[in-house]
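Read through the structure below, which is laid out as structure tokens, and then see the notes.
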Amino acid sequence: MSSGLRGRDFVSLRDFSAEEIWQIVETARAMKLRLKAGMEDRPLEGKTLGMIFTKPSTRTRISFEVGIWQLGGVGLFLSAQELQLRRGETIEDTARVLSRYLDGIMIRTYAHQDVVDLAKHSSIPVINGLTDLLHPCQAASDLLTIWEKLGRVRGVKFAFTGDGNNNMVHSLLFAGAKVGMDVRVASPEGFHPDPEIVAQAQEDAARTGAEILITDDAREAVEGADVVYADVWTSMGQEDGKEERLRVLMPYQVNGDLWKHVGEGAVFMHCLPAHREEEVTTDVIDGPMSVVFDQAENRMHLQKAIMALTM
Ligand code: CP
Ligand code: NVA
């Protein structure tokens, strides 16, 4: 597969042009259709992806592992607990060593800078499988889901309500700004998105016409929205202070009352895992508006496209 993305790291959607993001999304869609038609795509025959995890995962681990296998390659699960990283080997040395064995690295960890450093010192592509700051694989695959469900992405009114200072929100802000999708984020004081990320998204949005709105009013965010999105109120690593977060974020719950304000034909999305009756009620996540399992499936197709294009 020839690709201008060959050798590139996938650390932040901000590093990619709208055209490159579309190339990934369209490749994912084509691979998905071929898979459903029983056709094989094996551009990574004999290649190996190392997958470093310092946080738990269901979707990311399994979708990468199955995805690379479908592409003809092999995925190696590398628990950070069992690597010498845990005993003080540096990220830089780890990057240099892994580059001698592997064809690509996927990493899920806490500090975003660790992924930036890993990418800087690796001679093979590094894919960000979630940091405290960003979750670009999820946001890119959400573009595929929105495109499939609504038939368009540009001009879509996308609303997030809940913990706005969150890796998902940050990556969705970058994604929307790049492709011309309006992004509204409702969260209480102290839970707004990182102002630097918002400023960067606004810079991109000014070029594409996407409107970014940061508000503390959940109703305002979802009014007439085409997509309403939720994520957990306590992200991995934020377990301290969980009770207080539940109290402050409850007015931002996606429930039947809030749903009365969304646009006709709107869909509910959630990156999962979900905590029912916290950020979303069961009637919404298990209701006809919910597309969360199609969304989860698309992670695999999207990541196959990233691997096939970069590795
Ligand atoms: N959405 C997502 O990244 O899920 P996992 O934490 O299960 O990988
Ligand atoms: N914001 C969540 C996303 C999980 C996929 C977390 O970081 O735990």
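Whatever order the structure lists ligands and atoms in, that order sets their numbers, starting from 1. Predicted model only: the values in this text are computed from it and were never measured.
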- Item | Heavy-atom nearest neighbour in the protein, as seen from atom 7 (O) of ligand 2, with distance rounded to 0.1 Å | N167 ND2, 2.8 Å
- List every atom of ligand 1 that sits less than 4.0 Å from any heavy atom of T58, numbering the atoms from 1 in the order shown and giving each element. 5 (P), 7 (O), 8 (O)
- Of all the atoms in ligand 1, which lie at a distance below 4.0 Å from a heavy atom belonging to R108? 2 (C), 3 (O), 5 (P), 6 (O), 8 (O)
- Contact check: M236 vs ligand 2, nitrogen or oxygen atoms, below 3.5 angstrom: yes
- Message: How long is the straight-line distance from CD of Q295 back to OH of Y229, given to the nearest 0.5 Å?
- Response: 4.5 Å
- Message: For ligand 2, which is the ligand I care about here, please tell me if H135 has any N or O atom under 3.5 Å from one of the ligand's N or O atoms.
- Response: no
- Task: Please indicate whether any nitrogen or oxygen in L272 is less than 3.5 Å from any nitrogen or oxygen in ligand 1.
- Result: yes
- Note on the structure: The atoms of ligand 2 lying under 4.0 Å from a heavy atom of N166, numbered in the order shown, are 1 (N)
- Task: Report the relative orientation of the aromatic rings in F10 and F16; use parallel for angles under 30°, tilted for 30 to 60°, perpendicular for over 60°.
- Result: tilted
Between side-chain atoms of residues 203-213 and protein atoms elsewhere (two or more places apart, or another chain), which donor-acceptor pairs fall under 3.5 Å?
residue, atom, partner, partner atom, Å
E203, OE1, R14, NH2, 3.2
D204, OD1, R14, NH2, 3.2
D204, OD1, R207, NH2, 2.7
D204, OD2, R14, NE, 3.0
T208, OG1, A177, O, 2.6
T208, OG1, A210, N, 3.4

- Query: Hey, does T60 sit under 4.0 Å from ligand 2 if you only count heavy atoms?
  - Reply: no
- Item | Nearest neighbour in protein (non-hydrogen) for atom 5 (C) of ligand 2 | L272 O, 3.7 Å
- Nearest-neighbour protein heavy atom for atom 4 (O) of ligand 1, which is reported as residue plus atom name and distance: R59 NE, 2.8 Å
- Which of the ligand 1 atoms, numbered from 1, are nearer than 4.0 Å to a heavy atom of H135: 2 (C), 3 (O)
- Pair E148-N298, side-chain donor/acceptor within less than 3.5 Å: yes
- Message: Over 60° means perpendicular and under 30° means parallel, so tell me whether F268 and W259 are parallel, tilted or perpendicular.
- Response: perpendicular
- Does ligand 1 have any atom sitting under 4.0 Å from a heavy atom of R299? yes
- Query: Which pair of non-hydrogen atoms, one from D194 and one from H170, has the smallest distance, and what is that distance?
  - Reply: N-NE2, 3.0 Å
- Query: Would you say the side-chain atoms of S171 and H135 include a donor-acceptor pair closer than 3.5 Å?
  - Reply: no
- Any chance the side chains of T281 and R276 put a donor and an acceptor closer than 3.5 Å? no
- Message: Is there a polar contact, in the sense of an N or O pair closer than 3.5 Å, between P273 and ligand 1?
- Response: no
- Task: Considering only non-hydrogen protein atoms, determine which one is nearest to atom 3 (C) of ligand 2 and report residue, atom name and distance to 0.1 Å.
- Result: D231 OD2, 3.6 Å
- Message: Any donor-acceptor pair under 3.5 Å linking the side-chain atoms of T215 with those of E220?
- Response: yes
